[in-house]
Student: 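One structure is given below, represented as structure tokens, and several questions about it will come after.
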There are 2 protein chains.
Amino acid sequence: MLPPAPLTSRGEQAKTQLVAAAMTLFGEKGLHGATTRDIAQLAEQNIAAIPYYFGSKDGLYLAVAHYIADYMLRALGPVFANIDGLLAPPVLEPERYRQSIHRIFIKLAELLSQSETLHLSQIISREQLSPTAAHAIIHQKAIAPMHRRIVKLVAGYTGCDPNATETLIHTHAMLGEVLSFRIARETVLLQTGWSSIGPEQITVIQQVLLQHIDWLLNGMRAANTR
Amino acid sequence: MLPPAPLTSRGEQAKTQLVAAAMTLFGEKGLHGATTRDIAQLAEQNIAAIPYYFGSKDGLYLAVAHYIADYMLRALGPVFANIDGLLAPPVLEPERYRQSIHRIFIKLAELLSQSETLHLSQIISREQLSPTAAHAIIHQKAIAPMHRRIVKLVAGYTGCDPNATETLIHTHAMLGEVLSFRIARETVLLQTGWSSIGPEQITVIQQVLLQHIDWLLNGMRAANTR
DNA sequence: GTCTATAGTCGGATAGAC
DNA sequence: GTCTATCCGACTATAGAC
């Protein structure tokens, strides 16, 4: 008997594996540090498959960027839907907004700590340091929508103007707290003596972050209703 | 008449200029993205001067790492001296520690916003993403000493245990707020619509950060003396 | 569509003149 | 010490067999 027809064609599978391998190596070594040879080898595909399916190494990199943006949207989609429900009129009591902010920060801390997303966040971070076309893709598809919603939630709880630059800066600083555990991961490990950031470590981090968010939100709220 | 003897020999000057050019290009494009040809051209030096003075491209990169660590120590030296004075017995009233924390955060925000330090912080950030030997140099010489002192100050103000991992995490999260304005600089620019982070922008950022630090410190203090 | 072989380019390091 | 010329290796992309 013939083996069952594969759910995805061989070509599709090759593309998928190349994108996965590319994300790993671009994440670890950066766009210039990773070579097409290594990517093809890790993906167990032919080197020539890269120009064939993606046009060029840069094309593969852009495909990775799209994958990252889509992954983030998939991961955050439910949270976004929930937030959009909250943000629709009528205006709710502040406590609802605070809970939603907690939810998204927990989700972010979780996402940023999972080992599956390590390479993803390394690529995003490098794009922030020297943006290419990939940055625009990820920013527009995923980062900006998230940022916008969080700013509105923060404004909803604190009573700040959601369009004021200052509200944006406050929100960005809060997000910085989560991000630092991914971006300055190496410093955290060296200072704490942890060998890795596992489930117990994530719990500690999440608790600290939620406390911080409450202190900050209440500080802003108090400053605003003074 | 002969021209006056140069204060630094020609060789020393070549080295200095190569390190400066290397910092710029390594910052902009990363270790693999920057080429020795481009570095030599920007430094207005011969390509062969790189292997001659630094052994190799990697040697030049390490020289840049040492330069960065020394630069940070020079910039933070006075602040460190001041902190060490505060931290020596006897124990002072908490307010003194809070002021010192303010001082170092203002200094950090300033440092991280100056255009001269842009490439410096890009290199440090990339080293955090994928650490090389350069990371160890910078961490040991500059980052760890700074971290240690800030943790002690935070402990001094809040009454937390300076050796507890949690205190470290709290401090790291606070530092993340400052760092995010450098590391996620691109997001800040896109979200605010700013074209660059100039003096007025730094002022806004510093004010927000100091507010946050006070809210966080007081939150920790209250939680600890409850 | 997939693979092998190879072309063409570029980057880092070196040899040797001055 | 400094510079030019060049080598060698590595990388991406392509041409063409299957």
Side-chain angles (χ1 to χ4, degrees), chain A residues 2-65 123 126 130 132-134, chain B residues 2-65 123 126 130 132-134:
Chain A
L2 287 169
L7 292 173
T8 50
S9 73
R10 195 170 159 208
E12 281 305 309
Q13 210 202 337
K15 283 209 251 179
T16 307
Q17 286 190 300
L18 281 171
V19 168
M23 188 156 81
T24 301
L25 291 178
F26 286 143
E28 283 176 4
K29 309 184 180 186
L31 173 56
H32 300 284
T35 68
T36 51
R37 283 188 217 291
D38 288 347
I39 293 168
Q41 195 188 354
L42 184 63
E44 295 177 317
Q45 298 295 331
N46 197 289
I47 314 180
I50 292 172
Y52 180 74
Y53 286 116
F54 302 98
S56 66
K57 183 187 186 183
D58 281 356
L60 174 56
Y61 187 68
L62 286 183
V64 170
I123 292 171
R126 276 207 199 81
S130 36
T132 70
Chain B
L2 287 169
L7 292 174
T8 51
S9 73
R10 196 170 158 208
E12 282 305 309
Q13 209 203 338
K15 284 208 251 180
T16 307
Q17 286 191 299
L18 281 171
V19 168
M23 187 155 82
T24 301
L25 292 178
F26 285 143
E28 283 175 4
K29 310 186 180 185
L31 173 55
H32 299 285
T35 68
T36 51
R37 283 177 162 77
D38 287 347
I39 293 168
Q41 194 187 355
L42 183 62
E44 295 178 317
Q45 299 294 331
N46 196 289
I47 315 178
I50 292 171
Y52 181 76
Y53 285 116
F54 301 98
S56 66
K57 184 189 186 183
D58 281 357
L60 175 56
Y61 187 68
L62 286 183
V64 170
I123 293 171
R126 262 192 266 266
S130 37
T132 70

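Reminder, nothing fancy here: chain letters follow the sequence lines and each chain counts from 1.
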Student: Rounded to whole Å, how long is the line connecting atom CD1 of A:I50 with atom C1' of C:dT4?
Tutor: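 Rounded to the whole Å, the gap is 16 Å.
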Student: In whole angstrom, give the distance that lies between atom NZ of B:K57 and atom P of C:dG12.
Tutor: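 For the pair B:K57 NZ and C:dG12 P, the rounded distance is 4 Å.
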Student: So which atom in A:K29 and which in B:H32 form the shortest heavy-atom distance, rounded to 0.1 Å?
Tutor: O-CD2, 4.1 Å
Student: Kindly compute the distance separating CG (B:L31) from CD1 (B:I123), expressed to the nearest 0.5 Å.
Tutor: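 CD1 of B:I123 is found 9.5 Å from CG of B:L31.
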Student: Pair up each side-chain donor or acceptor in residues 18-28 of chain B with any protein partner under 3.5 Å, not counting sequence neighbours, and list the distances.
Tutor:
residue : atom : partner : partner atom : Å
B:T24   : OG1  : B:A20   : O            : 3.2
B:E28   : OE2  : B:H119  : NE2          : 3.4

Student: Could you pull out the closest heavy-atom pair between B:L62 and B:A134, with the gap in Å?
Tutor: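 For B:L62 versus B:A134, the nearest heavy atoms are CD2-N, 3.8 Å.
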Student: Can you sort out the partners of A:T132 under side-chain hydrogen bond (donor to acceptor under 3.5 Å, both in side chains), two or more places apart, ordered by chain and number?
Tutor: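 With neighbours one apart ignored, the set is A:E127.
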Student: Where the side chain of B:A48 is concerned, which of D:dC3, C:dG12, D:dA15 is the nearest nucleotide?
Tutor: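 Closest nucleotide among those given: D:dC3.
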Student: For the side chain of A:K57 and the backbone of A:I50, is there at least one donor-acceptor N/O pair under 3.5 Å apart?
Tutor: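 Flag not set: sc A:K57 to bb A:I50 has no pair under 3.5 Å.
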Student: Listed in order of residue number, which residues of residues 11-26 of chain A have a non-hydrogen atom at under 4.0 Å from DNA chain D?
Tutor: none
Student: Of all residues at least two apart in sequence or in a different chain, which pass the salt bridge (charged side-chain N to carboxylate O under 4.0 Å, His left out) check with B:K15?
Tutor: B:E12
Student: How close or far is atom C1' of C:dG16 from atom OH of B:Y52, stated in whole angstroms?
Tutor: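 Spelled out: OH on B:Y52 to C1' on C:dG16 is 14 Å.
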Student: Under a 4.0 Å heavy-atom cut-off, which of residues 27-46 of chain B touch DNA chain C?
Tutor: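 Of all residues in residues 27-46 of chain B, the ones placing a heavy atom under 4.0 Å from DNA chain C are B:A34, B:T35, B:T36, B:R37.
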Student: Determine all donor-acceptor pairs shorter than 3.5 Å in which one atom belongs to a side chain in residues 37-46 of chain A; sequence neighbours excluded.
Tutor:
residue : atom : partner : partner atom : Å
A:D38   : OD2  : A:T35   : OG1          : 3.4
A:Q45   : NE2  : A:Q17   : OE1          : 3.0
A:N46   : OD1  : A:A48   : N            : 2.8

